[in-house]
Amino acid sequence: MCGIVGYIGEQQAYPILIKGLHRLEYRGYDSAGVSMITSQQALNVYKATGKVSALEEKCSAEDTTGTIGIAHTRWATHGEPNTVNAHPHRSQSGNLSLVHNGIIENYKTLRAMLEKEGYTFHSDTDTEVLVQLIEYTQKSNKCDLFTAVQRALKNVVGAYAIAILEREYPDRIVCARKGSPLVIGVGTDAHGKKEFYIGSDATPIIEYTNQVIYLKDEEIALMTRQSDLPEIINLANVHQTPEMHTLRLSLDELEKGGYPHFMLKEIWEQPNALRTCIRGRIHVQAKDVLLSGIVDHKERFLNARRIIICACGTSWHSALIGKYFIEEAAHIPVEVEYASEFRYRNPVIYPDDIVIAVSQSGETADTLAAIQLAEQKGAFLYGICNVIGSSIARATHSGTYIHVGPEIGVASTKAFTGQVVTLCLLGLAIAKVKRTLSDEMFHTLVDELQTIPDKIQWTLEHNKDIDKFAQMFTYCRNFLFLGRGYNYPVALEGALKLKEISYIHAEGYPAAEMKHGPIALVDEEMPCVFIAPKRGMYDKVVSNIQEIKSRKGKIISVVTEGDKTVSDMSDYTFVIPDTRDCFVPLLAVIPLQLLSYYVATAKGRNVDQPRNLAKSVTVE
Ligand code: M6R
């Protein structure tokens, strides 16, 4: 949550900061702010509630000059979203300005201590405490900012990514991280001089340089105009050598490419995204699945007693599908845990357990904490992430990237299908190692998995008219999504998608559970979406539909192409091509994504940035 951008170099900072904030707006968008030091050494701070565009409007009448600056887009944690609570925050003397992503857990104690020392506070935030603490430390130790930040952070409990400006020294920025991500871009300007960019992730940086340093936990970095590389020290006073990485992210991937919203673009990108996800992992001639993350740890997987998957939200849904597949194909018991619950239990972990973290962003605080706990208990950690170099990817012993490209829309779409495909590849690769599938079945599954991108394309093209009847559902107050077996998690995902972007209340259930309570909700105003492919438990789902129909519920169904029985029982149907049971979720979820998208846009919702949400949930 919250996005940070920073710049120091010879260019004007403001346009770089604003563009960067727009790119990071998916991380939070309730208020925004910038701070620059002008050539007359004034430290200007401008803030606005609402989106970055509101800040731009405000700044149009202000002095935004300066070649050094920091900026922030906020997702409120402490204090309501208003201009006082928006970042950057200034220190008491006005000499420092600071932006922060994360939560300072002991901020009340620190604030009380600072108040005793004569510091006053204007906001309700933990961030203002941090900037005052740094100034207090600097003054009482009579030290430079770099040292003061390091000393001050030793007293801080919680998570932070911060960037700080000092009015008296317009040639330096200090930044630090613990628990929240921070990336430093190292560029070269037109005159061959080094310039530095700071971002919560690489998206505000990629336009200028592909050379980045991922700051590690408890590291503090100093960037000056005179240096070619940041100076880095950690909280234990040990100097660190900056590790340079080359980004493989293109600017095109970050743009909307003619679509009205990122979400729609990302829904339509799925065929290609999944081709990339599969590419190089299925060895066509040998009909084999090769995941380097497994090859290097074959014995672990061969002897695994149990797999525990920790995840949140949509990633938790894909993990459930992964559980069904891995248990079926590789005969290993799999438990799927909400990371937020797992981290606060005292879970039993055996040394031969494998703990998998599934996370698009690779930054979700609960998931990260869950695997850190599992590691303390001796588990082997495997990461399934999308964002390269993210915290979870780096915290795990091995793993597989889903490689679906940047997902900007807050509602997860292509990451969901990418995670499901990756979990299926993982299940197949383990099955191969353990020889739990016959060669014939293994080859059948591998062949079928490779047809999925084309079948998603087909599904997208045959469900284009969802936008026409989505209008009819804008007045609904509730929705039920129902499925069985592999399609129960799809029902959960369909419901989550609809509620998060349209704000219509929706629930997902295993279809057979209806009669144990939820069926009481059904009347002529209740749309019930059934995932009813002509596979597995088809007849049983038909009976479940009948039960709803006789209570006058409206039936919307996802059916296999050519199906008549369910289509005739339904008020609306979406078609998908036939595939094996285990891969149906990859097709069935497509019309549900489109349904949510079109209902939400018909209601005038901001689908890419729904209210109260953020793309990476880096706070608990
Ligand atoms: O980045 P992660 O996959 O760890 O994120 C987990 C959830 O916050 C995320 O899937 C969330 O539920 C999505 N907004 C759903 O569309």
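Atoms within a ligand are numbered from 1 in the order they appear, just like the ligands themselves. For this chain, numbers begin at 1 and follow the sequence in order.
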Would Arg611 and Tyr503 count as a cation-pi pair here, with the cationic atom under 6.0 angstrom from the ring centre and within 45° of the axis? yes
Pair [X] and [Y], ring centroids less than 6.0 Å apart:
X: His297; Y: Phe380; answer: yes
X: Phe469; Y: Phe574; answer: yes
X: Tyr160; Y: His100; answer: no
X: Phe473; Y: Tyr598; answer: no
X: Tyr382; Y: His397; answer: no

Closest approach of any protein heavy atom to [atom], naming residue and atom:
atom: atom 7 (C) of ligand 1; result: Cys312 O, 3.7 Å
atom: atom 8 (O) of ligand 1; result: Val617 CG2, 3.9 Å
atom: atom 4 (O) of ligand 1; result: Thr364 OG1, 2.4 Å

For ligand 1, does Lys497 get within less than 4.0 Å through its side chain, its backbone, both, or neither, judged by non-hydrogen atoms? side chain
Short N/O distance, under 3.5 Å, between Lys615 and ligand 1? no
Quick check on Val410 - does any of its heavy atoms sit under 4.0 Å from an atom of ligand 1? yes
For ligand 1, which atoms have a heavy atom of [X] less than 4.0 angstrom away?
X: Ser315; answer: 2 (P), 3 (O), 10 (O)
X: Thr314; answer: 10 (O), 12 (O), 15 (C), 16 (O)
X: Ala411; answer: 16 (O)
X: Glu500; answer: 13 (C), 14 (N), 15 (C), 16 (O)

Option set Ser361, Ala415, Ala319, criterion heavy-atom distance to atom 1 (O) of ligand 1, minimum: Ser361
Result of checking Ser200, Ser180, Ser391, Ser390 against Glu363 for side chain to side chain donor-acceptor pair (under 3.5 Å): Ser391
Among Glu105, Glu219, Glu218, find the one that has a salt bridge (charged side-chain N to carboxylate O under 4.0 Å, His left out) with Lys178. Glu218
